[in-house]
Structure formats: C-alpha cells, structure tokens
2 protein chains.
Amino acid sequence: MRATVKDVARLAGVSPKTVSNVMNGIVPVSGPTRFKVEQAMAELDYVPNLSARGLRNGRSGVIALALPDLATAYSAEITHSVVEVAHEQGWSVQLEETGSDPAREYELMSRARSNLIDGLILNPVVLDESAVKVGVSLPPVVLLGEVSQKLADRVWVDSVAAARDMTLALGRTGRRRIAVLGAAGRRGSAAAVLRTRGYQAGLEELGIAWYDSLIIPCEKWSPDAAARALSAYLDSNPVPEALFCFTDSMALGALSVLWKRGIKVPDDVAVAGFDDIAHAKYAVPALTTVSFDKRQVASEALRLLTERMGNREGPQRVVAVDYEIVERESTGP
Amino acid sequence: MRATVKDVARLAGVSPKTVSNVMNGIVPVSGPTRFKVEQAMAELDYVPNLSARGLRNGRSGVIALALPDLATAYSAEITHSVVEVAHEQGWSVQLEETGSDPAREYELMSRARSNLIDGLILNPVVLDESAVKVGVSLPPVVLLGEVSQKLADRVWVDSVAAARDMTLALGRTGRRRIAVLGAAGRRGSAAAVLRTRGYQAGLEELGIAWYDSLIIPCEKWSPDAAARALSAYLDSNPVPEALFCFTDSMALGALSVLWKRGIKVPDDVAVAGFDDIAHAKYAVPALTTVSFDKRQVASEALRLLTERMGNREGPQRVVAVDYEIVERESTGP
DNA sequence: TTGAAAGCGTTACCAA
DNA sequence: TTGGTAACGCTTTCAA
C-alpha cells in the first residue's frame with residue numbers, strides 16, 4: 001500500500017496540513033518541522049497522488065496536444081518543442097491524434113472538459129466555427145496553424161506571406177512556369193487555401209499569369225501521396241521550371257520522383273518546400289524551404305494557453321511567428 | 001459551474017448510484033430510468049470528472065510513453081502507432097522526453113507512481129538495472145528497444161540478427177570494405193553495442209576481417225551528427241565500398257554528404273540504414289534498410305503493459321518483433 | 001433495480 | 001506557525 005499524507009503526518013508527528021505546506025512551499029514552515037516532514041516522506045517513499053490533487057485543486061497540470069497526423073516529421077518537431085517547453089513550465093502533455101477528422105476535433109474539445117486536462121493545443125484541419133455549439137463551455141484552447149476560429153487564440157506562420165515570398169524567390173531565379181504541389185482544388189484545407197493564395201499573390205507581383213495546368217492537387221500531404229500525384233502529373237504534362245511543394249514532406253517525395261525520371265534539380269526544375277524539417281537540409285539536393293522556429297511556436301502557444309486559463313473572457317489573440325526563406329541547392333546556386 | 005452526478009441524479013429524480021450505473025453499464029438499469037438519466041445528462045451537458053474517477057478507482061486510464069528524442073522521424077512513427085493503438089483500447093497517452101538522460105529515466109519510473117499514470121512504455125538509452133533501487137515499487141513498465149533490464153517486460157527488434165543480416169546483404173553485393181556509422185566506440189548505447197555485434201557476426205560469416213578504420217563513431221544518431229562524422233571521416237580515409245548506418249536518419253545525412261562530394265551511391269559506395277522511416281523510400285537514391293512494423297511494436301507493448309497491470313508478479317517477458325531487410329536503390333540494382 | 005452513506009488523498013478554511 | 005475538519009466528484013459496499 002502506498003503512503004499518503006496522513007501516514008507521513010503521523011510518522012513526522014504533525015498534521016496533514018503541515019505536510020501539504022511543506023510540499024507546496026507557499027505557507028511558511030519552521031525549519032525543524034520541515035526537516036521532520038521531509039525525513040518522513042523519504043522514509044515512507046512518499047509520492048503524492050496526482051488524481052487527488054487534481055480533484056481537490058480543479059487543475060491536473062496536464063495539457064493536451066492534438067495534431068492531425070503524428071507520424072510526420074513535422075509533427076515530431078512540433079511535439080518535441082511543445083513537450084520541452086511544457087516540461088520546463090511544469091506541465092505534462094497528453095497527445096492526441098485527430099486524423100483530420102472533424103468529429104475527433106470536437107470530441108477533444110469536450111473531452112478536455114473531463115478535468116483531466118487543463119487546456120488544449122489543437123492543430124485543426126477542418127474545424128468549422130459554425131459547428132461549435134454556442135453555449136457549450138469550452139476548455140482553454142489554442143489553435144495551431146491556418147484554421148481561424150473566433151472562439152480560440154491562435155499561433156501560426158503567415159502562410160499567405162510566406163508562400164508569396166517563396167514564389168517571389170523562385171521567380172527571382174528567372175523561372176516563370178512555377179507549379180505548386182498540394183494546392184487547394186475545389187475545396188482544400190485552410191493551409192492549402194492560404195498557401196495557394198500566397199502563390200497567386202506572388203505570381204501577380206512577378207507579372208506571371210495563373211495557369212490551372214500548373215496547379216497539382218494532392219490529397220494527403222505525405223511523401224507517398226506527393227510522389228504519386230507528381231508522377232501522374234508528369235505523365236501528361238511537361239516539366240515545370242519550378243515546383244513549390246506545400247510541405248517539405250511532399251518535396252522529399254517530389255525530389256525522389258524527379259531523380260528517378262532523370263529530371264535534374266535545380267537545372268531542369270527548381271524545388272522548394274515548407275516547414276524546414278530536420279531532413280530538408282540533407283535532402284539531395286538540399287531543399288530550399290520556408291523556415292521558422294518550432295520552439296517559438298510552442299512557447300507562444302503555451303503562453304497564450306496559460307494566460308487564457310487565467311482569463312477566460314479576454315479578447316481573442318493571434319500570434320504570427322516569424323519565418324524565413326532559406327535558399328539551398330534545390331533552387332539553384 | 002459544471003454539473004456533477006448529483007445534479008444529474010436530482011434532475012432525473014434518481015440517486016447518484018443509478019447515474020453511475022447508467023454510465024458504466026455494468027449493473028443493469030431499467031429502460032425508463034436509463035432514459036431519464038441520459039436525458040438529464042444531455043440537458044446539463046454533463047461530463048464526468050476524470051480526476052475524481054481516477055481517485056476513486058485507483059486507475060486514471062492514462063499511460064505514459066517516454067522516448068529519448070521526440071524530434072526524430074522514428075519517434076514520430078512509434079508515437080503515432082502507440083497513440084493509435086492505445087486510443088483503440090481506451091487509453092490516453094502522456095508523452096515524455098528523456099533526452100537519453102538517466103536521471104530523467106528513473107524520475108519517470110517514480111513519477112509514474114504519482115497515480116496519474118497507470119503504466120509506462122519507456123525507450124531507455126542508458127537505464128542500468130543496478131541503479132534501480134530494489135524495494136522501491138515500480139509501476140508497470142514495458143521497455144522499448146535494446147536495453148535489457150530484469151525488472152521489466154520488453155519489446156524489441158533483434159538488433160544483432162538484423163545487423164548481421166544487413167551486413168550479409170551488403171556482402172552479397174560483392175562489397176568487402178563495409179563501414180558502419182554510429183558504431184559503439186569505447187562505450188555506447190545498447191543499440192550501438194548490439195548492432196555493432198551483429199555487424200561483426202556478419203563479417204565473420206562473410207570471412208571478412210574486422211578493421212577499426214571502418215568503424216565510424218557518431219555521438220548523436222541524427223542526420224546532422226552523421227553528416228559531420230562522415231565528413232570528418234572522409235577527409236582522412238578512403239571511401240569504403242559499403243556504409244551501414246545504424247539509423248535511417250543517419251543514412252539520410254550520409255547520403256547528403258556523399259552526394260555533395262560527388263561520391264556516387266550505389267556505384268562508389270552502397271548505403272544502408274535501419275528503421276525504414278517513411279522518408280527512406282524517397283531518399284535519393286531510395287534507401288536499403290531494416291524494416292519492421294511499428295504498429296506491431298506498439299500493440300505488443302500495450303499488450304504486455306496491460307497484462308502486467310493485471311499481474312504484477314509474473315515472469316519477465318521479452319517480445320521480438322519481426323524485421324525484414326528491404327533492398328532499394330542505395331545498395332545497387 | 002434503486003438508495004443512503006462512506007471513503008479515495010489532497011488542500012483550504014478557520015481556529016488556536 | 002500549526003491543527004482539525006470539510007469538501008472536491010466519483011464509485012461501491014450494504015440495505016431496502
């Protein structure tokens with residue numbers, strides 16, 4: 001049987017409250033008393049029961065992080081940063097996968113109300129604010145990414161500006177026929193829509209016309225799907241002069257396809273990505289991409305979340321994290 | 001204020017116990033009563049308090065997954081599988097990062113006793129059984145990977161056999177000077193030691209002598225570290241005929257270095273990895289590697305863990321998950 | 001099948 | 001500075 005505060009109190013010859021005071025260190029405790037209690041805790045190998053503490057305090061010290069697909073390198077880097085920053089601030093992180101399933105996204109927002117979670121960092125894909133029942137009290141939520149939602153704070157990289165800048169960078173190398181991989185077709189994810197919009201803005205600034213034939217849709221943003229989509233495209237279209245992939249994962253799939261077909265990068269086609277995952281720098285050739293600090297994303301998200309826990313009523317806030325176009329070999333010397 | 005069982009009971013005109021019975025569905029409840037209760041729950045937007053339930057039941061429904069470095073693609077794939085399988089079985093997953101820090105590994109094993117976690121899946125790097133205090137009651141723990149430990153069940157891929165088989169596969173392509181990247185120097189991780197041992201066994205079987213000059217140590221198993229280590233090596237050594245990298249991440253870093261130096265893969269040197277991460281198939285050239293089913297790793301780990309929760313006393317069990325050498329372009333046609 | 005009451009381990013209030 | 005006591009929300013005996 002595990003020792004409880006009562007056991008510690010009994011052994012130390014004090015009251016449970018005093019033991020609690022020693023642990024939490026807010027109410028002052030005299031030196032000798034503290035010593036007795038600490039010795040008793042050590043002797044009994046006392047470990048506090050977090051369920052009881054959570055019940056009593058109304059806070060569990062746990063936040064949830066929910067991402068659409070945990071298997072991607074991008075998810076790994078975000079997860080790493082969130083867990084690291086959260087740990088520094090004394091939070092534990094519960095991980096959830098939404099599979100870009102709207103039902104799962106809503107379910108999480110309500111499950112968070114089960115009081116095992118004090119807040120939620122959610123990277124939604126489809127979350128539609130109209131579908132969130134008004135009147136239902138939501139837990140503190142911070143959104144990650146492009147999906148906008150009146151009810152929650154948000155941290156993102158300005159996808160429109162970044163995609164425009166990348167398009168401009170590609171144009172600056174003299175390429176005109178710039179294709180995009182992962183673009184929003186009839187309807188796509190918010191990220192696809194915004195990055196496509198940025199691409200369009202970039203084209204306009206370059207004075208290049210928009211051609212539907214340079215828009216390559218891609219269902220999933222994975223290397224597999226990207227490789228299939230690009231292969232199918234190249235079977236019936238000429239090679240574009242540049243290829244802007246909406247994620248690095250897709251770009252890696254694309255590089256593989258191009259290499260297998262003997263299409264030289266960057267000589268025949270320049271390739272760019274988005275996210276600057278760890279492997280981008282070691283792609284063959286090294287991948288030009290939109291880079292941003294994942295740790296900053298994590299710490300801003302956590303800051304918004306904890307502030308929101310303190311003040312549920314304040315106005316919605318949106319934080320844009322800085323990005324940078326990193327030009328590597330894949331877009332030419 | 002959030003509704004509790006009492007509120008639901010009052011509105012439905014029943015006792016709290018009946019509400020509990022409706023929720024848990026073990027004790028039978030009459031149709032009309034159940035209906036009344038369900039209606040009351042819906043009306044009050046009732047969500048059970050998991051802290052209270054956890055306190056009462058002594059189980060939280062949460063398991064922890066602890067990995068050395070969450071930022072890697074390998075971690076992402078394991079995490080994805082564990083979260084998926086756990087979710088199917090009704091578990092939540094709390095994520096922890098150990099940074100291959102022994103102190104953190106021990107801390108986790110005791111923190112798990114804080115009753116917010118019913119069990120722990122831990123991928124240790126250095127965990128030394130001699131350092132685990134005897135007599136301290138550990139939570140149910142399943143180890144992931146090569147580190148062996150008498151006190152806990154374990155799931156792994158037989159690294160010795162897999163590394164031997166990979167070495168044989170490389171030898172079969174006619175290459176004799178087979179280097180390894182990530183090898184255990186004076187002292188290394190268990191994974192490094194076992195894979196090096198497998199490599200040695202493979203060499204013996206091939207009738208190839210061991211040369212220290214073909215052992216390339218690498219501090220961290222990341223593409224960065226691998227690129228640096230290989231670059232330094234190539235500055236003062238001839239190009240080997242084959243390069244067996246102890247993870248795919250390292251292999252991707254290696255491919256990049258080789259490409260930058262104009263060393264052709266697989267013509268000048270064959271390259272192989274370990275783990276078969278999603279990007280391996282799309283490396284340039286596609287990477288030969290040791291492949292295994294991450295989902296199977298996850299489900300075996302969860303099976304052992306839940307069985308261990310039921311029976312804390314049974315004998316230690318070790319499950320080896322099948323692997324397969326997948327030969328792709330990086331080791332020749 | 002349902003109800004009343006006790007108790008899980010912790011912390012906060014109020015007294016001393 | 002310290003101690004007693006109540007309460008957090010749930011489930012589970014035991015009785016009806």
Side-chain angles (χ1 to χ4, degrees), chain A residues 1-38 40-41 44-62 90 111-118 137 139, chain B residues 1-41 44-62 111-118 137 139:
Chain A
M1 206 47 205
R2 173 135 69 245
T4 73
V5 254
K6 275 187 183 165
D7 300 322
V8 175
R10 199 176 311 121
L11 182 59
V14 299
S15 82
K17 168 61 178 164
T18 305
V19 176
S20 175
N21 287 341
V22 169
M23 278 193 288
N24 298 299
I26 300 177
V27 181
V29 178
S30 74
T33 309
R34 146 163 280 120
F35 181 74
K36 275 190 302 183
V37 170
E38 281 170 348
M41 292 201 296
L44 295 174
D45 189 29
Y46 169 76
V47 180
N49 182 321
L50 263 31
S51 288
R53 185 176 287 175
L55 172 59
R56 175 66 235 203
N57 290 341
R59 301 182 304 103
S60 62
V62 179
R111 258 257 315 255
R113 296 180 299 134
S114 299
N115 263 33
L116 214 73
I117 282 172
D118 297 337
S137 67
Chain B
M1 207 47 206
R2 173 136 71 245
T4 73
V5 257
K6 273 188 185 165
D7 301 322
V8 175
R10 199 177 311 121
L11 181 60
V14 298
S15 82
K17 166 64 176 162
T18 306
V19 176
S20 175
N21 286 342
V22 169
M23 278 192 287
N24 298 299
I26 301 179
V27 180
V29 179
S30 74
T33 308
R34 149 165 274 121
F35 180 75
K36 276 190 302 182
V37 170
E38 282 170 348
Q39 211 167 25
M41 292 201 296
L44 294 174
D45 189 29
Y46 170 76
V47 180
N49 181 320
L50 263 33
S51 288
R53 185 176 286 174
L55 174 58
R56 174 67 233 206
N57 290 341
R59 300 182 304 103
S60 63
V62 179
R111 258 259 313 259
R113 296 179 297 136
S114 299
N115 262 31
L116 213 73
I117 282 172
D118 297 338
S137 68

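Residue numbering restarts at 1 for every chain, and letters A, B, ... go by the order of the sequence lines. Just so it is clear, the structure is predicted and the values come from calculations on it, not from any experiment.
OP1 or OP2 of D/dG3 sits under 4.0 Å from a side-chain N or O of A/S15. The phosphate of C/dT2 (OP1 or OP2) has a side-chain N or O of B/T33 nearer than 4.0 angstrom. A sub-4.0 Å separation between OP1 or OP2 of C/dC8 and a side-chain N or O of A/T4 is absent. Phosphate proximity of D/dG3 to A/T18: present, with a side-chain N or O under 4.0 Å from OP1 or OP2. Listed pair A/R53 / C/dG9 fails the phosphate criterion, with no side-chain N or O lying under 4.0 Å from OP1 or OP2.
In this structure, A/R59 atom CZ and D/dG9 atom P are separated by 15 Å, rounded to whole Å. Rounded to whole Å, atom P of C/dA6 lies 13 Å from atom CZ of B/R56. Distance, B/N21 CG to C/dG3 C1': 11 Å, rounded to whole Å. Per the geometry, CZ belonging to A/R34 stands 14 Å off C1' belonging to D/dT2, to the nearest Å. One interatomic measurement links the two molecules: NZ of B/K6 to P of D/dC8, which rounds to 7 Å at whole-angstrom precision. Straight-line distance from the CG atom of A/N49 to the P atom of C/dC8: 12 Å, rounded to whole Å. Rounded to an integer number of Å, the gap from B/N57 CG to D/dC10 P is 11 Å. Remark: C1' of D/dG3 and CZ of A/R10 are 15 Å apart, rounded to the nearest angstrom.
Rounded to the nearest 0.5 Å, atoms CG (B/L11) and CE (B/M41) are 11.5 Å apart.
For B/K17, whose side chain is taken as the heavy atoms from C-beta onward, the closest listed nucleotide among D/dT13, D/dT2, C/dT11 is D/dT13.
Across A/S51 and B/L55, no two heavy atoms sit closer than the pair CB-N, 3.7 Å.
Within the 4.5 Å cutoff, the side chain of A/V62 has no heavy atoms near those of the A/L116 side chain. The side-chain heavy atoms of B/T4 and B/D7, taken from C-beta on, include a pair separated by under 4.5 Å. Using a 4.5 Å heavy-atom cutoff, the side chains of B/S15 and B/T18 are in contact.
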